[in-house]
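Here is the structure we will look at, set down as structure tokens.
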Protein chains: 2
Amino acid sequence: MSTRREAVRQALTESSGFRSAQDLYADLRADGSKIGLTTVYRALQALSDSGEVDVLRTDDGEAVYRACDTESHHHHLVCRTCSTAVEIEGPTVERWAAEVGAKHGFTGVTHTVEVFGTCGTCSRRLAQQGSAQQV
Amino acid sequence: MSTRREAVRQALTESSGFRSAQDLYADLRADGSKIGLTTVYRALQALSDSGEVDVLRTDDGEAVYRACDTESHHHHLVCRTCSTAVEIEGPTVERWAAEVGAKHGFTGVTHTVEVFGTCGTCSRRLAQQGSAQQV
DNA sequence: CCAGTTTTGACAATCATTTTCGTTTTCGTG
DNA sequence: CACGAAAACGAAAATGATTGTCAAAACTGG
């Protein structure tokens, strides 16, 4: 609804990867916005509550957000270097998780699955830098 | 090596679920130990570096640890209520993750997979409380 | 333009985790 | 056993992301 929240959603949409609240705040300020950090957090909270953005935690516990194309259940293939993410479906995994849960008598089974790696672009760039010392 | 680290490992082994550093610190102090919080963090850091314990992040970003039976790659089926965890293998998932990564040109592909649910014991208890109002 | 509600943002407060740094233990060696 | 270096400790301060507080600003219907 509000303009601010829209601005945050917009900033998030401009990136194909996951961004942290602090990142987005920096982006928006860099673009000249006078938005406050608190508002960015509030907007992200609202957006994730409504399912409009996906959230996940980095290894050091920081929350990162992404505006995905689909709001239906999916997972991500994330580049460790540039953080770009590809949305992936995994019917195989969905079934597997449900079965594993049931087999052990668990109810209300859900799961989190994220795949990490180095995307093609970053792989090539890193390989070049590694061999030719082009810094 | 050190006695303190051994105490932390021990405290962790006594639980079948994931515990946070703060939890373990409280446990140890409750048992009369004079260990410091800093040491608990250091021990957990060392233990996870050496692969002796598994770490994952809760939804609110807190790090939780578990002393698993095997040091080889595996995943967990975790109870949302009591945090008890079962170690699970998922050859299907391993293959799937590798394929997905390769298909999109990613290299050095890894993945995180955790399954959550309510374990049988907790399910029954919650069901009873729900129907009979036995609080 | 006005009273009331919602949104905002500066600043303070939280809380897990990390650093810092002086003290205590552990250990190898003479 | 004694001694000094190195490793381990722990209390307290620092850090950094996130949340709470609260007064000012923007928006609403009338």
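Values in this document were obtained by computation on a predicted structure and should not be read as measured data. So you know, we letter chains A, B, ... as the sequences are listed, proteins then strands, and number each from 1.
Side-chain to base pairing of A/R4 with C/dG9: no donor and acceptor N or O lie closer than 3.5 Å to each other.
Residues B/R80 and A/T107 share a closest heavy-atom pair of NH2-O, 4.2 Å. The two residues A/H76 and A/C68 have their closest heavy-atom pair at NE2-SG, 3.2 Å.
For the pair B/Q45 CD and C/dT19 C1', the computed distance is 13 Å after rounding to whole Å. Taking atom CD of B/E62 as the reference point, atom C1' of C/dT14 lies 13 Å away to the nearest angstrom. The nearest whole Å value for the distance from the CG atom in B/D60 to the P atom in C/dT14 is 18 Å. Remark: P of C/dT17 and CG of B/L44 are 9 Å apart, rounded to the nearest angstrom. Rounded to an integer number of Å, the gap from B/L37 CG to C/dT18 P is 10 Å. Atom C1' of nucleotide C/dG9 and atom CG of A/L28 are separated by 14 Å, given to the nearest angstrom. Rounded to an integer number of Å, the gap from A/R57 CZ to D/dA17 P is 12 Å. Rounded to whole Å, the distance from CG on B/D23 to C1' on C/dA16 is 12 Å.
Which of D/dT18, C/dC11, D/dC9 sits closest to the side chain of A/Q22 comes down to D/dT18. Counting only heavy atoms from C-beta on, B/T39 has its side chain closest to D/dC9 among D/dA11, D/dC9, C/dA16. Among the nucleotides D/dT18, C/dT20, C/dA10, the one closest to the side chain of A/T38 is C/dA10. Here C/dT8 is the nucleotide among D/dC9, D/dT18, C/dT8 with the atom lying nearest to any side-chain atom of A/R42.
Of the side-chain N and O atoms in B/Y41, none sit less than 4.0 angstrom from OP1 or OP2 of C/dT18.
A/T118 contributes no side-chain N or O that, together with a main-chain N or O of A/C122, makes up a donor-acceptor pair within less than 3.5 Å.
In this pair, B/H75 and A/W96 present their aromatic rings perpendicular. The plane angle is above 60°, beyond the 30 to 60° band.
Ion pairing between B/R57 and A/D60 fails under the 4.0 Å rule for side-chain N and carboxylate O.
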